[in-house]
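Residue numbering restarts at 1 for every chain, and letters A, B, ... go by the order of the sequence lines.
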2 protein chains.
Amino acid sequence: MKTDTVFKRAYNDALDLLSKLSRGEPVPPEGELSHQLGVSRTTVRKVLIELDQRGVVQGDGRKRTVRKSKGALQRFPKIETVAMADEVERRFMEWMLRGNVRPGTVINELELARLFKVATTGIREFLNRFQRFGLIEKRPNAGWMFKGFTNEFALELFEIREMFEFRSARVFVALPNRSPLWSQLDLIRIEHVQLLKDIGTRYHDFSDLDRRFHLLINSASTNRFITDFYDIISMVFHYHYQWNKQDERQRNEAAIREHMSYIDALKSRNWARTESTCAAHLASAKATLLRSTMQWDSFPSKA
Amino acid sequence: MKTDTVFKRAYNDALDLLSKLSRGEPVPPEGELSHQLGVSRTTVRKVLIELDQRGVVQGDGRKRTVRKSKGALQRFPKIETVAMADEVERRFMEWMLRGNVRPGTVINELELARLFKVATTGIREFLNRFQRFGLIEKRPNAGWMFKGFTNEFALELFEIREMFEFRSARVFVALPNRSPLWSQLDLIRIEHVQLLKDIGTRYHDFSDLDRRFHLLINSASTNRFITDFYDIISMVFHYHYQWNKQDERQRNEAAIREHMSYIDALKSRNWARTESTCAAHLASAKATLLRSTMQWDSFPSKA
DNA sequence: CATATGCATTTTATAGATAATAAACTAAAC
DNA sequence: GTTTAGTTTATTATCTATAAAATGCATATG
């Protein structure tokens, strides 16, 4: 059976939206809410019924108004707002990256299903999607094999990453001045400046900024395979940043500075300068990742 | 319920194996058969029971012997030996490449499931795997969108292909003489010579040879992402060759000659020469594919 | 005692079912 | 007559169930 995580997330979001309105104000039309919450009108209506029952809004049809929008309004717990598939992804990554799973381990669909408390189909679906990350391999009728989050993996990943990023950066510097990417680059530069200022408290925000920055560079290539490949890097770094907190603040601060040189080099339209700043940044990202794969490789076996 | 395609294929293969033995000879042990047929002993035993019932072998345990191995032995029809998942792949590719599906078409899981006569889970599984080919895109809770087998797709595909193949070829020429890849290259060269001789009758065998040749070149990179990417190219060309018979003989003959120059250039260890023969071959492969995407783009809409 | 077979157990591949959600259609209200 | 709400229909996400196939263990045989 489908879970109602979409509804619950929409409900929570609706609470946030309504909190901007005061008592007695009319509730925005369903179509408007549907657009703002990013769900179908069907779900909006379900949310409105719930809001009504919980006394947040009153009336129906076009004369629905806000009853109480402030105060301690009960929200659905976050865990109930994430789709099974996303939860499986998170749990699998945790299992794989933190669980010290040895290269060569056979992945058992049933076992994971029981461990994650989902049906086997959910695990299968995830593994099929995850296959393209190059970390698992299917053996027909006999499960999957985990190839290991190894040194080799990181090196192969970066070989491609470098190839793609250099190509994209080269296209980027040659972009005409009227390209919208230049203004996007300016905006993202400002974000870097701000984050650097607040680095003491907000250093964990770097992960997302990093992702958006490189995606912007790579979008210059307008090649779906390059953009899609960045998904792999994003995911690896996303979970890596989330769990490897060692020196996080320092690493991120250094990376921001590298990004800034890289951005300024791009803005100078000078390829030689861009190439060297890009190379420097990728080299330090690679070193960070390699440190963590080596770490895993040297752990003692769980079994 | 799982289908018994593995059993049926193994049964057919066992018939071929036994046909090499004469009446009265002992049947090879189960473990041996399991290895030769590439299935578990469980399946081998099921096959042996069936062979017994059909009078092909007799006796049991260690004293099983061949009863009749020649003559018109009944085999399972080929269609019953392919797993549902593979059949879905074939049917989907046909639907997509030959069905004149317009870019932007929304893919309906239920509709495909009915069309292909499988459960929706089978379609979902396929689409999840197929996503990495860059031809479809998922819109959560609202199906998949077909992006179109367009000109753009072919250009993006070849941009990456060229990048990877050049890199691999460069590594290949620099391979030490003792690398086993050199002898594999020699073997594949012989296959080219032979195919060229029989081109009149065997020209459709080129598709597979082409795949193996490029896979060999790319294996020099020892990068899983490069090897995996070749899956995409293989699949596209596999189905493309299968359905686009126009000028097939001529195209393949020309391609074989291109391969031969490319192989000889590699063998000469001369990078400049390799680069130009590789470029020439990729350019003509690209032109072939572009011809067929353009064709699709200009077809009238089905709806 | 090393192999081979026989048997029990576990796991995968696939179908089928259903609540949640989206999409499409219809009717009301301003 | 355009926007909005109400209702019906179609589709997706997810679970459960089960035959086929693989794996593991015990027993027999040369």
Side-chain angles (χ1 to χ4, degrees), chain A residues 1-10 26-34 38-49 60-64 83-88 106-114 117-128 138-144, chain B residues 1-10 26-34 38-49 60-64 83-88 106-114 117-128 138-144:
Chain A
M1 174 182 69
K2 209 170 173 172
T3 53
D4 59 354
T5 53
V6 172
F7 158 69
K8 285 174 174 166
R9 183 154 18 88
V27 172
E30 294 174 0
E32 168 87 16
L33 287 172
S34 157
V39 297
S40 71
R41 245 188 71 225
T42 309
T43 303
V44 167
R45 303 192 97 231
K46 202 173 154 190
V47 167
L48 286 170
I49 290 170
D60 62 351
R62 291 173 200 234
K63 35 194 180 306
R64 212 173 335 234
M84 179 275 274
D86 296 333
E87 183 62 8
V88 167
V106 169
I107 295 170
N108 184 318
E109 293 178 5
L110 248 175
E111 189 189 319
L112 286 185
R114 280 190 292 248
K117 306 220 194 323
V118 296
T120 49
T121 30
I123 301 290
R124 262 175 153 286
E125 184 173 323
F126 171 76
L127 293 173
N128 272 307
K138 188 163 175 57
R139 302 175 314 155
N141 293 307
W144 302 77
Chain B
M1 175 182 71
K2 209 168 173 174
T3 53
D4 59 354
T5 53
V6 172
F7 158 68
K8 286 175 174 166
R9 182 154 19 89
V27 173
E30 295 175 0
E32 169 86 18
L33 288 173
S34 158
V39 297
S40 71
R41 244 188 73 225
T42 309
T43 303
V44 167
R45 303 191 98 231
K46 203 173 152 190
V47 166
L48 286 170
I49 290 170
D60 60 352
R62 290 173 200 233
K63 35 193 178 308
R64 216 177 328 238
M84 180 274 277
D86 296 332
E87 182 63 7
V88 166
V106 169
I107 295 169
N108 185 317
E109 293 178 4
L110 250 174
E111 190 190 318
L112 287 185
R114 280 191 292 248
K117 307 222 191 325
V118 296
T120 49
T121 29
I123 301 290
R124 265 171 101 58
E125 184 173 323
F126 171 76
L127 293 173
N128 273 307
K138 189 166 175 54
R139 302 174 315 156
N141 294 304
W144 302 78

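Rounded to whole angstrom, the span from the CG atom of B/L33 across to the C1' atom of C/dT5 amounts to 13 Å. Following rounding to the nearest Å, A/R9 (CZ) and C/dT21 (P) show an atom-to-atom distance of 9 Å. As a whole-Å value, the separation of A/E111 CD from D/dT23 P is 15 Å. One interatomic measurement links the two molecules: CD of B/E125 to P of C/dA15, which rounds to 10 Å at whole-angstrom precision. Nucleotide D/dT16 holds its C1' atom 15 Å from the CD1 atom of A/I123, rounded to whole Å. Rounded to whole angstrom, the span from the CG atom of B/L127 across to the P atom of D/dT11 amounts to 15 Å. Residue B/E30 contributes atom CD, which lies 12 Å from atom C1' of C/dC7 at whole-angstrom precision. Between the CD1 atom of B/I107 and the C1' atom of D/dT12 there is a distance of 14 Å, given to the nearest Å.
In terms of heavy atoms, A/V88 sits closest to A/G122 at CG1-O, 4.5 Å. Here the shortest heavy-atom pairing between A/A113 and A/A119 reads CB-C, 4.1 Å. Closest heavy-atom contact between A/V39 and A/S34: O-OG, 2.7 Å. Counting all heavy atoms, side chain and backbone alike, A/L33 lies closest to A/P28 at CD1-O, 3.6 Å. Considering all non-hydrogen atoms of both residues, A/A10 and A/V47 come closest at CB-CG2, 3.9 Å.
Positionally, the nearest nucleotide of DNA chain C for B/P29 lies more toward the 5' end than for the other of A/T3 and B/P29. A residue-by-residue look at A/V106 and B/P140 shows that A/V106 has its nearest nucleotide of DNA chain C further toward the 5' end. Residue B/R114 is the one, among B/R114 and A/A142, whose nearest nucleotide of DNA chain D lies closer to the 5' end (criterion: closest heavy atom). In terms of position on DNA chain D, the residue among B/G38 and B/R124 whose nearest nucleotide sits closer to the 5' end is B/R124.
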B/D4 vs B/K46, test: side chain to side chain contact (heavy atoms under 4.5 Å, CB included). Steps then yes/no.
CA-CA 11 Å; B/D4 59 354; B/K46 203 173 152 190; 4.2 Å; yes
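Sorted by residue number, the members of residues 40-47 of chain A with any non-hydrogen atom under 4.0 Å from DNA chain D read A/R41, A/R45.
When side chains are defined from C-beta on, A/V106 counts as touching A/R139, because their heavy atoms get closer than 4.5 Å. Residues A/K2 and B/N141 have side chains in contact (heavy-atom distance under 4.5 Å, counting atoms from C-beta outward).
Contacts of A/K8 with the nucleic acid, taken as non-hydrogen atoms under 4.0 Å apart, are absent. At a threshold of 4.0 angstrom between heavy atoms, the contacts of B/G122 with the nucleic acid are absent. Among the protein residues, B/L112 comes within range of no part of the nucleic acid, since none of its heavy atoms lies under 4.0 Å from any strand.
Tested against A/I123, the residues A/I107, A/N108, A/L112 include a single side-chain contact (heavy atoms from CB on, under 4.5 Å) partner, A/L112.
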Can you check nucleotides 16-19 of chain C for protein contacts, nitrogen or oxygen pairs under 3.5 Å, and list what you find?
none

Listing time: all N or O pairs from protein to nucleotides 26-30 of chain D that are below 3.5 Å?
none

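With C/dA22, D/dA20, C/dT11 as the choices, the nucleotide that has an atom nearest any side-chain atom of A/L110 turns out to be C/dT11. Of the candidate nucleotides D/dA20, C/dT21, D/dA5, C/dT21 has the atom nearest to the side chain of A/F7.
Within a 6.0 Å radius of CG in A/D86, more than 12 heavy atoms belonging to other residues, nucleotides or ligands are found.
For B/E111, there are no side-chain hydrogen bond (donor to acceptor under 3.5 Å, both in side chains) partners, not counting sequence neighbours. In this structure, the side-chain hydrogen bond (donor to acceptor under 3.5 Å, both in side chains) partners of B/E30, at least two apart in sequence or on a different chain, are B/R41, B/R45, B/R64. Scored by the side-chain hydrogen bond (donor to acceptor under 3.5 Å, both in side chains) test, B/E109 finds B/R124, B/W144 as partners (sequence neighbours excluded).
Checking the phosphate oxygens (OP1, OP2) of C/dA23, no side-chain nitrogen or oxygen of B/N141 falls inside 4.0 Å.
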